[in-house]
There are 4 protein chains.
Amino acid sequence: MASVSDTLPHKRERRKQDRPGELLEAALDLFVEKGFAATRVEEVALRAGVSKGTLFLYFPNKEDLFKAVVRENVVHPVNQGAAELAQFQGKTGELLEWMMLQWWRRYGATKASGISKLIMSEASNFPDLATFFREEVIKPADAMVRSVLQRGIDQGEFRPVNVDLALHSVMAPLLFLVMWKHSMGPCCPTSEQIDPEAFISQHAQLLVRGLSNS
Amino acid sequence: MASVSDTLPHKRERRKQDRPGELLEAALDLFVEKGFAATRVEEVALRAGVSKGTLFLYFPNKEDLFKAVVRENVVHPVNQGAAELAQFQGKTGELLEWMMLQWWRRYGATKASGISKLIMSEASNFPDLATFFREEVIKPADAMVRSVLQRGIDQGEFRPVNVDLALHSVMAPLLFLVMWKHSMGPCCPTSEQIDPEAFISQHAQLLVRGLSNS
Amino acid sequence: MASVSDTLPHKRERRKQDRPGELLEAALDLFVEKGFAATRVEEVALRAGVSKGTLFLYFPNKEDLFKAVVRENVVHPVNQGAAELAQFQGKTGELLEWMMLQWWRRYGATKASGISKLIMSEASNFPDLATFFREEVIKPADAMVRSVLQRGIDQGEFRPVNVDLALHSVMAPLLFLVMWKHSMGPCCPTSEQIDPEAFISQHAQLLVRGLSNS
Amino acid sequence: MASVSDTLPHKRERRKQDRPGELLEAALDLFVEKGFAATRVEEVALRAGVSKGTLFLYFPNKEDLFKAVVRENVVHPVNQGAAELAQFQGKTGELLEWMMLQWWRRYGATKASGISKLIMSEASNFPDLATFFREEVIKPADAMVRSVLQRGIDQGEFRPVNVDLALHSVMAPLLFLVMWKHSMGPCCPTSEQIDPEAFISQHAQLLVRGLSNS
DNA sequence: CATGAATGAGTGTTCATTCAT
DNA sequence: CATGAATGAACACTCATTCAT
């Protein structure tokens with residue numbers, strides 16, 4: 001006899017199963033907002049609606065909670081855009097600017113980018129996370145950018161610059177914006193804020209002009 | 001025969017004069033290595049070869065110790081660079097590349113650049129430090145870059161781009177290198193290391209070409 | 001057979017409920033014995049049979065612990081006394097003497113009166129505590145005395161003296177006894193001890209006679 | 001050959017001889033103002049114009065400095081007034097009020113009274129000081145007051161009250177004023193200040209009326 | 001004698017972690 | 001499983017006291 005709880009678990013049970021997920025979610029918010037050291041485990045537990053002791057039932061200590069948060073929330077911002085990118089018809093210069101703006105809108109501007117800032121900040125204390133991040137995020141992203149630049153060169157639109165270096169000319173401003181957004185940004189008066197899209201546009205255009213073969 | 005004390009100050013005195021410098025050096029090391037919050041003042045003192053109490057004889061509190069470290073290792077270099085910059089004769093394009101390379105050689109490549117990474121990492125937890133850094137370091141540096149770009153525009157060498165945005169096209173790659181150096185870098189195999197000067201050179205040239213009026 | 005846990009709460013729970021009271025009692029002892037500044041919170045905790053951290057579970061800081069001690073041991077008794085006072089029927093002269101004796105028996109003669117001595121001793125170093133004490137203890141007590149004196153005047157029993165000054169003719173001897181008890185008293189040979197109730201009685205009678213309209 | 005320094009010592013030498021005195025003076029001010037615990041020996045030394053180390057040349061530790069300050073500065077407020085008192089012709093009631101006012105003007109209102117407050121405050125930590133103070137100050141003062149009261153009784157002006165108790169009716173308000181002046185007083189708004197002479201006058205008159213034989 | 005640099009034991013307070021219930 | 005009371009090791013900062021010069 002199939003009881004209700006087989007298909008639609010009671011609230012209690014559903015929550016129980018979700019405990020780790022809810023804790024990870026709460027921890028993500030707080031770690032991103034405050035960093036590792038300044039986040040108190042009790043606050044994480046409270047935000048997840050459980051007691052402090054319960055958190056330690058699921059994660060043996062704060063460090064492991066942190067690592068789980070990072071591993072769980074690292075987003076692969078490449079996968080989504082790669083397909084669209086491949087279909088793009090038109091000048092590579094326009095593609096480059098479009099790609100950078102898309103990266104910002106879909107990733108840099110979202111909460112998810114907080115995890116990148118977090119990793120950059122804490123990498124030296126958690127080397128394994130840094131390695132993990134490099135493999136999962138940086139390498140694919142670099143490859144994508146590299147392919148776009150190579151496309152421009154192959155099509156004769158760009159000069160044959162050193163692609164391995166040029167890709168950082170593309171990524172650095174984006175990462176800079178992410179870092180800024182999560183560090184100095186909140187401390188700055190509005191008059192000193194940076195308009196991300198305006199900056200990306202102008203930077204992309206400078207880059208394309210700098211790369212162009214004319 | 002002149003005694004030692006005629007030419008060299010007494011041990012006590014000599015040490016006394018050296019104390020602030022020794023403490024600042026130890027503090028720089030530890031702040032860069034562990035961040036502001038995770039650095040314990042006692043460890044700074046011990047590394048400088050004195051007791052905890054002695055540190056507070058020279059710096060009233062941890063925050064002021066940090067500010068002194070910043071002044072010694074970041075503010076001074078930037079100011080020195082600015083002075084040399086003013087004497088530069090020649091094309092602004094060359095000046096820009098030279099400035100970026102100098103920034104790297106004199107600051108980015110040194111231990112002191114860890115301070116910038118630290119600020120980026122912990123600004124949100126220590127708003128006072130962030131404000132201090134913005135006023136003492138970022139604003140002067142931005143003004144310097146802005147003046148170079150404006151020089152190029154005024155001399156007709158650069159197009160009249162938005163200087164407030166372009167300035168980040170100059171700084172972002174430098175800060176990216178610093179972040180990289182102090183976070184992901186140490187975890188990367190040598191094959192994936194970035195050659196900072198080669199990157200800066202190429203980026204500067206892309207930028208100059210992108211800015212140029214021809 | 002009903003188990004113990006049916007009638008008595010579990011050891012943990014019982015202790016938990018008792019904690020604040022035990023801490024307040026230990027704190028009263030030590031504050032009175034050593035003063036505010038010289039009392040270490042850890043010693044309070046230890047005397048209450050808990051660790052230092054536990055104290056901060058119940059009181060956010062040393063100052064609030066002290067305020068709680070004052071509320072428990074000074075404010076409450078004063079308020080209770082005031083209530084009984086209101087019900088008093090009879091001559092104001094008798095009321096005055098009765099009030100002074102009650103004040104002594106219920107407060108002055110107890111450990112709690114050490115708080116008044118402590119405040120007199122340390123007020124200048126802890127202005128916040130002084131203000132707190134003035135608002136919570138002195139003002140209500142003064143108001144009570146003032147109302148009694150006014151009652152005597154209104155009923156024609158007392159001459160219309162300056163009530164704001166006369167109030168100190170009532171309080172000063174009481175505070176003098178408290179100061180004496182907690183400072184010089186313990187150092188005096190028994191032959192020189194003051195008999196508090198005899199003194200209060202005679203002083204009250206002198207006062208009433210001095211105030212009386214006959 | 002009598003050199004100048006025999007009669008008028010050089011500033012240097014004079015100061016050297018006065019060192020202990022200057023230290024005691026500086027210490028008096030600070031102990032009275034802040035109490036024993038809150039007074040820092042360095043501040044005492046600075047105010048006396050010497051270095052911290054020098055203070056320990058003259059006083060082996062803080063406690064002994066404190067005791068020296070007290071012993072040195074305890075004033076015998078009786079001696080001066082006793083002679084005048086003996087010559088007083090007229091009603092004892094007037095004598096009593098005059099004596100109380102004089103005590104206040106010549107002692108209570110001066111800095112010297114700070115030492116009484118200090119002793120009352122710290123007596124429990126320095127029992128030997130309390131004993132010393134009792135012998136040197138309290139006993140003579142009590143004797144004087146007692147003699148005045150006895151004079152009133154002997155002359156038939158006062159009723160035969162218990163003189164050993166009544167003397168506290170005289171002293172308590174005076175000591176209360178001293179304590180108030182050095183503790184709560186400075187923390188109170190001007191509207192709540194006590195006018196010492198007005199209070200003493202009214203209290204003395206209440207007392208005299210209470211004592212009088214009519 | 002005098003200095004003041006140096007010390008280190010202590011203070012209030014925080015917080016990750018444990019464990020009896 | 002879940003709780004939350006309890007712990008104790010840190011940490012920044014203070015200050016009486018010492019001692020080489």
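Every chain is numbered from 1 and lettered A, B, ... according to where its sequence line falls, protein lines coming before strand lines.
- Rounded to a whole Å, the CG atom of A/Asp64 is 14 Å from the P atom of E/dA16.
- In this structure, the side-chain hydrogen bond (donor to acceptor under 3.5 Å, both in side chains) partners of A/Thr54, at least two apart in sequence or on a different chain, are A/Ser51.
- Residue D/Leu28 holds its CG atom at 5.0 Å from CD1 of D/Ile115, rounded to the nearest 0.5 Å.
- A straight line from CZ of B/Phe56 to P of E/dG8 spans 16 Å, rounded to a whole angstrom.
- Where B/Gly53 and C/Thr54 meet DNA chain E, the nucleotide closest to each residue was compared, and B/Gly53 sits on the side nearer the 5' end.
- For residues 117-131 of chain C, there are no salt bridge (Lys or Arg N to Asp or Glu O under 4.0 Å) pairs, not counting sequence neighbours.
- Within 3.5 Å, a donor on the side chain of C/Lys52 pairs with an acceptor on the base of E/dT13, or the reverse.
- Taking a pair as Watson-Crick or G-U wobble with both distances under 3.5 Å, the runs of three or more consecutive pairs in DNA chain E are E:2-21 with F:2-21.
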Can you check side chain to side chain contact (heavy atoms under 4.5 Å, CB included) on D/Val32 and D/Val69, steps first, answer last?
-> CA-CA 10 Å; D/Val32 165; D/Val69 165; over 6 Å; no

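- E/dT7 atom P lies 10 Å from atom CG of B/Leu23, rounded to whole Å.
- Between the CZ atom of C/Phe133 and the NZ atom of C/Lys67 there is a distance of 13.5 Å, given to the nearest 0.5 Å.
- Less than 4.0 Å separates DNA chain E from no heavy atom of any residue of residues 117-124 of chain C.
- In this structure, B/Leu46 atom CG and F/dC11 atom P are separated by 12 Å, rounded to whole Å.
- Rounded to the nearest 0.5 Å, atoms CD (C/Glu72) and CG (C/Leu23) are 12.0 Å apart.
- Although no hydrogens or angles enter the test, the distance criterion places a donor-acceptor pair under 3.5 Å between the side chain of B/Arg134 and the main chain of A/Cys187.
- A heavy atom closer than 4.0 Å to some atom of DNA chain E occurs in C/Thr39, C/Arg40, C/Val41, these being the qualifying members of residues 34-43 of chain C.
- Of the residues near DNA chain F, B/Asn61 and C/Leu57, the one whose nearest nucleotide (by heavy atom distance) lies more toward the 5' end is C/Leu57.
- Counting only distance, with no hydrogens or angles, the side chain of D/Thr39 and the backbone of D/Leu30 share a donor-acceptor pair below 3.5 Å.
- Atom CG of D/Leu65 and atom C1' of F/dT17 are 13 Å apart (whole Å).
- Contact annotation: A/Tyr58 does not reach the phosphate of F/dC1 (side-chain N/O to OP1 or OP2, under 4.0 Å).
- Atom-to-atom, CZ of C/Phe59 to P of E/dT14 comes out at 15 Å; the value is rounded to the nearest Å.
- A/Glu63 has its CD atom 15 Å from the C1' atom of E/dC15, to the nearest Å.
- For C/Phe36, the ring-ring contact (aromatic ring centres under 6.0 Å, His included) test picks out C/Phe31, C/Phe66, C/Phe126, with sequence neighbours left out.
- Residue contacts shown for A/Lys62 are limited to sugar-phosphate atoms, with no base heavy atom under 4.0 Å away.
- Remark: B/Arg71 CZ to B/Glu136 CD distance equals 5.5 Å, nearest 0.5 Å.
- In this structure, CG of C/Leu55 is placed 15 Å from P of F/dA5, rounded to the nearest angstrom.
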Starting from the C-alpha separation in whole Å, work towards a yes-or-no answer on side chain to side chain contact (heavy atoms under 4.5 Å, CB included) for A/Val70 and A/Val74.
-> CA-CA 6 Å; A/Val70 171; A/Val74 158; 3.9 Å; yes

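- The salt bridge (Lys or Arg N to Asp or Glu O under 4.0 Å) analysis of residues 40-60 of chain B, with sequence neighbours excluded, yields the pairs B/Asp29-B/Arg47, B/Glu33-B/Arg47, B/Lys34-B/Glu43, B/Arg40-B/Glu43.
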